[in-house]
2 protein chains.
Amino acid sequence: METRELRYFVAVAEELHFGRAAQRLGIAQPPLSRAIQQLERRLGAALLERGSRGVTLTDAGSVLLREGQAALDAIDAAERRTRRAALAPTGRPGVVLVTKAGATGELLAKLLDAYAAEPGAVAVDVVLCGIGEQERLLRDGRADVALLHRPFDSTAGLDTEDLHAEGQVVVLPAGHPLTGRTHVRMSDVAALPGLPMPRWPNLDGTFPDGAGPPVHNHTQLLQLVALGRASAILPESVRPQLRNGLVAVPVADAPTVTTVIAWPPHSRSRAVAALVRAATRL
Amino acid sequence: METRELRYFVAVAEELHFGRAAQRLGIAQPPLSRAIQQLERRLGAALLERGSRGVTLTDAGSVLLREGQAALDAIDAAERRTRRAALAPTGRPGVVLVTKAGATGELLAKLLDAYAAEPGAVAVDVVLCGIGEQERLLRDGRADVALLHRPFDSTAGLDTEDLHAEGQVVVLPAGHPLTGRTHVRMSDVAALPGLPMPRWPNLDGTFPDGAGPPVHNHTQLLQLVALGRASAILPESVRPQLRNGLVAVPVADAPTVTTVIAWPPHSRSRAVAALVRAATRL
DNA sequence: AAGCGGCGATACCTCCCCGGTATCGGACCA
DNA sequence: TGGTCCGATACCGGGGAGGTATCGCCGCTT
C-alpha cells in the first residue's frame with residue numbers, strides 16, 4: 001500500500017464525500033474515485049458504501065481508517081525525526097518536550113533544571129499545547145517526550161514513568177458556603193446549584209452537550225469561577241496559581257492525578273533517556 | 001514520503017550495499033541509487049555515507065531506519081487488519097492470539113475455555129511463534145493479542161494486563177549434587193562446571209557468543225539438560241512438563257516472571273477486549 | 001605501475017500510471 | 001420532468017519509475 005493511497009482514503013473516510021476530500025487533497029475528484037476503487041480492488045475489500053445519501057464506511061473501512069491514521073502518523077514521525085536528526089551536526093539533536101499549558105509549572109521547572117545540570121544535556125524545546133493533543137504530537141514526531149496527567153490523558157501506546165501523585169481540589173469563588181469545609185465529596189460538588197462543571201472541547205474542536213460554560217484553557221476557567229459562573233475540580237498543584245477571590249477545598253473521593261513522563265516506545269534517543277532519568281530522580 | 005521510498009531505504013540500510021538491496025527488492029541497482037538520492041534531497045539530510053569501504057549509516061539514517069521500520073510495520077498492519085475485517089461478513093472477525101511455543105500451556109487453555117464460555121465469543125486462532133517474535137507479529141497486524149513473559153519479552157508500545165506471576169527454577173539432570181537442595185541462588189547456578197546456560201538465537205537467527213549450546217526451543221533445551229550438557233533457568237510452570245531424569249530446584253533470587261496479556265494500544269476490537277476481560281478474571 | 005574487479009553514479013530510453021478535463025448515469029427534489 | 005448533486009467513466013498528456021549501458025573511483029593484485 002502506498003502512502004498516497006492511504007492519505008486519499010483517510011481523506012475520503014473523514015469527509016465522507018469524494019468532492020470535498022478531493023478539494024482538501026488538492027486534486028480533482030475523478031482521480032480520487034479511481035484511486036479508492038483501485039485500493040478496494042487490491043485489498044479485496046469494500047471500504048465505502050456509496051449510497052445516494054452520500055458515502056458511509058464499511059466495517060473494513062473503519063478498520064483501515066483507524067489503522068491508516070496510525071500508519072500515516074508513523075510516517076510523519078519518521079520524516080520529522082530524520083530531518084531533526086540531520087540538523088544536529090554534533091549527533092545531539094535537541095529534544096522537544098510537550099505539556100499542557102498552565103499545568104505542571106513547578107515540576108517542569110525542576111525537571112528542566114535537573115536535566116540541564118547533567119553532563120551532556122542538550123537544548124530542550126518546551127511546547128505547550130491544548131488538551132488531548134500531546135499524544136498526537138508524540139506519535140507524529142513533533143515532540144519527543146511529554147508530561148501527561150493520568151487519568152485525563154491517554155497513555156496508550158506510550159512508555160511512561162510515574163513522577164508525582166496528588167489529590168484534587170474543588171476551586172470555588174470566595175465566600176461560597178462550601179469554602180468553610182475542610183474537605184468535600186464529589187457528590188457535594190456535582191449538586192452545586194448555579195456552579196456547573198465547565199465543558200472542554202473535543203479533539204475536533206466541538207463541545208460536548210451539557211450545562212456548563214465552554215472553556216479552552218485554565219485561565220478562562222479560573223476567571224469563570226471567580227465570576228461565580230462555574231466550579232472546577234483540579235489537581236492540588238493549582239493552589240499557588242489561584243488569584244484572590246478563589247478558594248480551593250480538597251475533594252476526598254476525587255481520583256488521584258498522576259503526573260507521568262511519556263515517550264514513544266521505540267525511542268532510542270540518548271537525550272530522552274537522560275531526561276527520563278533526571279525526572280525519576282526528582 | 002512514499003512507502004516505496006521507505007522500503008527502498010530500509011533495504012539499503014539493512015544490507016549496507018546497493019546491489020544486494022536492489023536484488024532483494026527485485027529491481028535494478030540504478031533506480032535504487034536514484035530513489036535514495038532523491039529521498040535524501042527531499043529530506044535535506046544525508047542518510048548514507050558512501051565510502052570506498054562500502055556504505056554506512058549517518059545519524060539521520062539510523063533514525064530513519066528505526067522509525068521507518070516502525071512505519072512500514074504500521075502500514076502492513078493496516079493492510080492485514082483491513083483484509084481480515086473484510087473477510088468477516090458478520091462484523092466479528094476471528095482473533096489471532098500469539099504466544100511462545102512450549103510456554104503458558106495451562107494458562108492458555110484456561111483462558112481459551114473462559115473466553116469461549118462468554119456470550120458473543122468468536123473463533124480464536126492460536127499462533128505459536130519463536131522467541132521474541134511476538135511483538136513484531138502484534139505490530140505488523142499478523143496477530144491481535146499475545147501472551148508475553150516479562151521481563152524476557154519487551155512490552156514497549158503495547159497495552160498489557162498482568163495475569164500471573166511466578167518464581168523460577170533451575171532444571172538439572174537427576175542426580176546432580178544441587179538437586180538435594182531445597183533452593184539455590186543465581187550465583188550457585190552461574191558457576192556450575194560443565195553445565196553452561198544455553199544460547200538462544202537473536203532475532204536475525206544468529207547466535208550470541210558464549211559457552212553454552214545453541215538451542216531453538218524448549219524441547220531441545222530440556223533434552224540437552226537431560227544429557228548433562230546444560231542447565232536452564234525457567235519459570236516454575238515448566239515442572240509438569242519435565243520428563244523423567246530432570247529435577248527442578250527453586251532459584252531464590254531469580255527475577256519473577258510475569259505472564260501478561262498484550263495488545264496493540266489503538267485496538268478497538270470487541271473480541272480483543274472480551275478476551276482481555278476474560279483473562280483478568282481468571 | 002598497469003590491469004582488473006567491485007560498486008555506486010550517470011545517461012538515456014521506454015512505458016506506465018497519475019492527474020486533468022469532459023461527460024455520463026443515477027438518485028433525489030421541486 | 002427538468003434541475004442538480006454526486007460519484008463513475010472515457011480519454012488525453014506528462015512526469016516519473018524502472019531498465020540497459022556505461023562511466024568514475026577506489027583498492028587490490030602481480
Side-chain angles (χ1 to χ4, degrees), chain A residues 1-62 64-65 68 71-72 75 79 86, chain B residues 1-62 64-65 68 71-72 75 79 86:
Chain A
M1 216 169 11
E2 286 303 312
T3 56
R4 187 182 52 87
E5 302 175 289
L6 255 187
R7 261 190 286 271
Y8 285 9
F9 172 75
V10 168
V12 175
E14 285 178 353
E15 298 283 347
L16 292 176
H17 189 289
F18 279 74
R20 279 194 299 274
Q23 201 172 351
R24 182 173 126 188
L25 292 165
I27 65 172
Q29 170 259 321
L32 181 56
S33 284
R34 251 187 310 148
I36 302 291
Q37 287 176 318
Q38 196 171 317
L39 180 61
E40 287 180 306
R41 229 175 305 127
R42 282 225 309 260
L43 289 174
L47 301 173
L48 300 168
E49 213 76 70
R50 282 91 157 166
S52 56
R53 259 283 173 266
V55 178
T56 56
L57 283 173
T58 64
D59 289 339
S62 310
L64 186 56
L65 175 56
L72 289 177
I75 290 171
E79 188 164 338
Chain B
M1 215 171 10
E2 287 303 312
T3 57
R4 187 182 52 85
E5 303 175 289
L6 256 187
R7 262 190 288 269
Y8 285 8
F9 172 75
V10 168
V12 175
E14 286 178 352
E15 298 283 348
L16 293 176
H17 188 288
F18 279 74
R20 279 193 299 274
Q23 200 171 353
R24 184 173 126 187
L25 292 166
I27 65 172
Q29 169 259 319
L32 181 57
S33 284
R34 253 187 309 148
I36 301 292
Q37 286 177 322
Q38 196 172 316
L39 180 61
E40 288 181 305
R41 228 175 306 127
R42 284 225 310 258
L43 288 174
L47 302 174
L48 299 168
E49 212 77 70
R50 283 90 158 167
S52 56
R53 261 283 176 267
V55 178
T56 56
L57 284 173
T58 64
D59 289 339
S62 309
L64 186 57
L65 175 56
L72 289 177
I75 291 170
E79 188 163 338

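In what follows, chains are A, B, ... by sequence order, proteins preceding strands, each numbered from 1.
- A 6.0 Å sphere centred on CD of A/E49 holds no more than 12 heavy atoms belonging to other residues, nucleotides or ligands.
- Straight-line distance from the CZ atom of B/R20 to the P atom of C/dC7: 7 Å, rounded to whole Å.
- Spacing between atom OH of A/Y8 and atom C1' of C/dC17 amounts to 12 Å, rounded to whole angstrom units.
- The CD-P distance, from A/Q23 to D/dG7, rounds to 12 Å in whole Å.
- The shortest non-hydrogen separation linking A/V55 to A/L16 is O-CD2, 3.4 Å.
- Residue B/R34 places no side-chain N or O under 4.0 Å from the OP1 or OP2 atom of C/dA11.
- Between the CZ atom of B/R41 and the C1' atom of D/dG16 there is a distance of 13 Å, given to the nearest Å.
- When distances run from any side-chain atom of A/Q37 to the nucleotides C/dC7, D/dT9, D/dG18, the shortest one goes to D/dT9.
- With distances taken from any side-chain atom of B/Q38 to the nucleotides C/dG8, D/dA17, D/dG7, the minimum falls on D/dA17.
- Each of D/dT20, C/dG8, D/dG18 was ranked by its minimum atom distance to the side chain of B/R4; first place goes to D/dG18.
- Side-chain proximity of B/A28 to the nucleotides C/dG19, D/dT20, D/dG7 is greatest for D/dT20.
- Under a cut-off of 6.0 angstrom, the local environment of CD in B/Q23 is sparse, with at most 12 non-hydrogen atoms contributed by other residues, nucleotides or ligands.
- When rounded to the nearest whole Å, the span between CG of B/L32 and C1' of D/dA17 equals 12 Å.
- The pair B/R50-B/E40 meets the salt-bridge criterion, with a side-chain N (NZ, NE, NH1 or NH2) lying under 4.0 Å from an Asp/Glu carboxylate O.
- Of all nucleotides listed (C/dG8, D/dG19, C/dA22), D/dG19 comes nearest to the side chain of B/I27.
- The side chain of A/S33 places no N or O atom within less than 4.0 Å of a non-bridging phosphate oxygen (OP1 or OP2) of D/dG7.
- For the OP1/OP2 pair of C/dA9 and a distance below 4.0 Å, the side-chain nitrogens and oxygens of B/R50 include at least one atom meeting the criterion.
- Taking the charged nitrogens against the carboxylate oxygens, A/R4 and B/E2 have no contact shorter than 4.0 Å, which rules out a salt bridge.
- Closest to the A/Q29 side chain, of the nucleotides D/dG7, C/dG19, D/dG18, is D/dG7.
- Between B/E49 atom CD and C/dG8 atom P the separation is 14 Å, expressed in whole Å.
- The 5' end of DNA chain C is approached more closely, in terms of each residue's nearest nucleotide, by B/V55 than by the other of A/P31 and B/V55.
- The separation between B/R7 atom CZ and D/dA17 atom P is 14 Å, rounded to whole Å.
- For A/E2 and D/dG16, the CD to P distance is 15 Å, given to the nearest whole Å.
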